[in-house]
Amino acid sequence: MQNLLQNLNPEQLAAVTLPPQNALILAGAGSGKTRVLTTRIAWLIQTGQVSPAGILAVTFTNKAAKEMLTRLSAMLPINTRGMWIGTFHGLCNRLLRTHYRDAALPQSFQILDSQDQLSMIKRLLKAQNVDDEKYPPKTVMYFINNHKDQGLRAGQIDAYDAIERKLVELYALYDDQCQREGVVDFAELLLRTYELLTRNQPLREHYQQRFRHILVDEFQDTNNLQYNWLKLLAGHGTGGGGALFAVGDDDQSIYAFRGANVGNMSAFEAEFNVQNLIKLEQNYRSHGHILDAANMLIANNSKRLGKNLRTDAGHGEQVRVYEASSDLQEAQWIIEEAKNLIAEGASRSEIAVLYRSNAQSRVIEHALFSAGIPYHVYGGLRYFQRAEVKHAIAYLQLMDNPHNDSAFLRVVNFPARGIGARTLEQLQNAAESYGISLYAAVPYMVGKAGTSLGGFVKLVEGVRFETQQMALPELVRITLESSGLLAHYATEKEGADRIENLEQMVNAATQFVSEEGYGQGAPAHLGPQADAQAGEAIVNADGVEILDADAPLATVMSPLSAFLSHASLEAGDNQAQAGQEALQLMTVHSAKGLEFDNVFITGLEEGLFPHESSSKEDGGVEEERRLMYVAITRARKRLYMCFSQTRMLHGQTRYNMKSRFFDELPEEALKWLSPRVQSHWFANKKATWEDAKLSGGSDNAIAQRIAQQKTGGSGWRIGESVVHAKFGEGVIVNIEGSGSNCRAQINFGSAGMKVLDLSVAKLERLGR
DNA sequence: AAAATTCCGATTTTT
DNA sequence: TCGGAATTTT
């Protein structure tokens with residue numbers, strides 16, 4: 001215990017040892033948030049205030065859940081099994097598996113990832129003869145998901161026009177189809193669980209009484225459904241529920257675009273009558289100048305809960321700012337500085353290059369590649385998303401639940417076995433008219449189609465039978481073999497990597513079996529294991545028996561089902577990073593939660609960061625500012641910021657102004673590395689030749705770029721910075737016509753793009 | 001059924 | 001511009 005609370009600062013200590021009441025912890029970046037969360041759990045258990053089974057800890061990502069578990073088992077001598085620590089989706093999965101009958105799901109329901117969901121919607125639109133120009137599949141998907149995230153079923157939506165009515169209809173049809181197939185999408189996991197607990201009083205009360213302490217990480221990222229889900233479990237308004245301990249940072253709320261509602265923080269404070277609000281403002285990560293920059297920037301946001309980070313570390317070095325003339329040159333500069341850092345002894349993995357959008361990585365990657373510096377890009381395809389792996393998973397899914405049409409269609413003719421588009425169309429019609437799955441419709445097919453499809457069914461059934469008594473890894477191996485996938489890729493030229501990925505799956509299954517505590521030899525197909533310790537049986541007043549969805553999962557899921565859930569809910573690592581020392585390239589979003597000694601924030605230009613589409617939605621710029629805040633607070637020792645006067649985007653050269661965020665940073669914390677007086681025209685001219693050299697451009701390319709420096713005889717040049725009395729600072733993007741008919745297209749940033757007559761408009765040159 | 005061609009979209013992302 | 005998905009050609 002002494003150990004546990006050692007070295008906590010007063011605020012952290014206060015948070016950890018709060019009485020069992022609702023609490024809101026405002027945890028600034030680098031303030032030891034995870035430490036507080038895990039120490040709180042350990043303290044509650046060690047002081048005997050709660051048993052491990054009374055703990056529910058919820059996170060958003062598997063990574064965060066895993067980290068919490070790891071830290072906890074280091075702190076506590078006891079088994080962490082009894083605690084419920086996981087993601088919203090993972091916990092819902094567990095609840096639904098246990099109470100599948102009450103939730104009206106088949107025991108081996110399967111989880112659709114976003115890809116599967118989209119393809120299912122496409123299929124639905126086709127079957128319904130819906131014009132996909134008028135109702136793009138993506139739009140339908142967003143409509144469905146957004147409403148599920150709000151807790152709304154199709155029947156609960158008020159539609160005001162024909163289009164909305166159609167979307168509602170499609171939503172209902174989609175849900176029907178999912179139900180027929182026995183599949184659920186990600187949002188459905190949450191909504192189903194919410195509805196289950198709302199509807200079923202004994203179940204609800206059982207879990208409300210069980211979970212004495214509910215702890216939530218990254219609370220600012222919760223959407224409305226998640227908030228209501230927590231409210232329900234915490235027994236809000238019933239008096240009988242547990243205490244909700246929410247940890248979050250409103251200044252790091254950067255996921256509004258996927259439904260996160262920062263307002264949940266203040267809603268929680270008000271609705272749960274929170275008496276315990278603790279701010280963690282002591283930062284253990286960054287040097288002073290970096291924190292000053294972050295603090296001053298974020299102060300420009302309104303509606304904050306209010307927080308100011310402080311550090312005991314000194315000022316440290318200033319933030320280095322660089323203005324490049326082109327995106328190529330920006331990349332070149334980054335590489336020079338990175339080389340210097342490495343020469344000074346910095347480890348490559350302690351250098352991060354952050355950007356607002358993925359498209360920006362290309363130029364930087366190219367430059368790094370040319371310079372021979374190893375790098376790692378975050379956010380590529382994850383293991384379980386790879387085509388070949390998804391194919392293998394589809395075969396496994398069919399063995400566990402043959403009515404999953406997505407899985408059926410994915411592999412019915414892969415590897416090719418002569419089942420073409422016509423055959424499948426017939427099959428889909430049959431399935432449609434009988435209201436059954438494709439698999440179930442196969443017996444209705446006659447002739448050649450019947451034979452070929454029947455062969456496929458026999459294949460699936462055959463493997464299923466053959467593997468009945470096998471353990472999971474063995475089952476996976478046989479499936480890879482019998483499906484013909486291995487043989488198929490063996491004939492492909494580029495198949496070696498794919499085969500390796502497939503073989504990797506046997507290892508993944510082996511690892512899964514040992515980590516999840518399945519008896520090594522347990523048959524993969526078998527349902528809840530007889531020898532596994534059963535969950536505690538509860539009988540309510542009406543004599544209804546409730547089985548607690550307790551660990552281990554083996555009590556409620558067959559190893560195969562569990563493995564398939566795992567594959568859907570945890571898509572796995574992004575590519576084989578080879579573990580070598582490499583520069584870290586990623587978007588600002590994916591950098592959240594990480595920290596590095598040295599950080600580059602790149603592309604700090606109006607239109608890019610803040611992104612132009614953010615200025616259209618209200619609160620958009622404030623969210624971009626929070627994003628910038630996240631970016632700045634990633635850095636421990638050294639922070640670089642850069643921007644470029646010209647940039648190639650979607651095949652066109654764009655002329656951007658420097659980001660407004662520079663004006664919101666303390667000048668004394670910045671060190672400008674590039675001369676700021678240089679005119680755009682001169683810089684562009686220079687850029688033209690430098691870029692030509694960098695990219696090895698031909699004379700033709702050089703001439704083309706120089707041709708862009710046309711003036712229209714107006715005295716103004718493209719790329720030049722100007723000031724207009726009304727619109728403020730801008731950059732000339734294009735010049736049309738000549739003489740008295742000469743008009744210039746000018747990007748005034750937040751004031752928008754304007755076309756001005758140069759003989760009329762009063763413009764001044766900007767000597768920056 | 002594979003190969004070639006056209007078309008489309010383009011912020012951010014986890015489950 | 002460029003990568004992927006959809007469509008058409010061989």
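Throughout, protein chains are lettered first and strands after them, A, B, ... in sequence-line order, and every chain is numbered starting at 1.
Going from the P atom of B/dT12 to that of C/dA5 covers 16 Å, rounded to whole Å.
Between the CD atom of A/E133 and the C1' atom of B/dC7 there is a distance of 11 Å, given to the nearest Å. Spacing between atom CG of A/D221 and atom P of B/dT15 amounts to 12 Å, rounded to whole angstrom units. Rounding to whole angstrom units, CG of residue A/L594 and P of B/dT12 are separated by 17 Å. Taking atom CZ of residue A/F384 and atom P of nucleotide B/dT15, one finds them 13 Å apart after rounding to whole Å. Across the protein-nucleic acid pair, A/I111 atom CD1 and B/dT14 atom P stand 17 Å apart, rounded to whole Å. In this structure, A/N656 atom CG and B/dT11 atom P are separated by 14 Å, rounded to whole Å. Atom NZ in A/K138 sits roughly 12 Å away from atom P in B/dT12 (whole-Å rounding). Spacing between atom CG of A/L112 and atom P of B/dT14 amounts to 19 Å, rounded to whole angstrom units.
Both the sub-6.0 Å distance and the 45° axial angle are not jointly satisfied by A/R626 relative to the ring of A/Y629.
Under the stacking definition used here (centres under 5.5 Å, planes under 30°), the residue A/H611 qualifies as stacked on the base of B/dT11. A distance cut-off of 5.5 Å between ring centres, combined with a plane angle under 30°, places A/F257 in a stacking arrangement with the base of B/dT12.
Counting non-hydrogen atoms under 4.0 angstrom, A/T587 reaches the backbone sugars and phosphates but no base. Within the 4.0 angstrom heavy-atom criterion, only backbone atoms of the sugar-phosphate kind lie near A/N358; the bases stay farther away. Residue contacts shown for A/K122 are limited to sugar-phosphate atoms, with no base heavy atom under 4.0 Å away. Residue A/Y255 is in sugar-phosphate contact alone, with no base atom involved, counting any heavy-atom pair closer than 4.0 Å across all strands shown. If you check every strand for non-hydrogen atoms under 4.0 Å, A/E617 touches a base. When heavy atoms are screened at a 4.0 angstrom cut-off, A/N62 is found touching the sugar-phosphate backbone but no base atom. Using a 4.0 Å heavy-atom distance criterion, A/S568 is classed as making no nucleic acid contact.
In this pair, A/F257 and A/Y255 present their aromatic rings tilted. The plane angle is within the 30 to 60° band. Aromatic ring orientation, A/Y489 versus A/F414: tilted (interplanar angle from 30° to 60°). A/F643 and A/F662 have tilted rings, their planes meeting at an angle from 30° to 60° on a 0 to 90° scale.
Summarising the base pairing, B/dT14 is matched to no nucleotide, lacking a Watson-Crick or G-U wobble pair whose two defining distances lie under 3.5 Å. In this structure, C/dG4 and B/dC7 make a Watson-Crick or G-U wobble pair, each of the two defining distances being under 3.5 angstrom.
Aromatic pair A/F143/A/H147: centroids less than 6.0 angstrom apart. For A/F609 and A/H611, the ring centers are positioned 6.0 Å apart or more.
In terms of position on DNA chain B, the residue among A/E623 and A/H89 whose nearest nucleotide sits closer to the 5' end is A/E623. With the nearest nucleotide of DNA chain B identified for both A/F60 and A/R417, A/R417 has the one nearer the 5' end.
The nucleotide whose nearest atom lies closest to any side-chain atom of A/H589 is, among B/dT11, B/dT13, C/dT1, B/dT13. Taking the side chain of A/R258 as heavy atoms from C-beta on, and the options B/dT13, B/dT12, C/dT1, the nearest nucleotide is B/dT13.
Judged by distance alone, with hydrogens and angles left aside, A/S614 brings no side-chain donor or acceptor close enough to the base of B/dT11 to form a pair under 3.5 Å.
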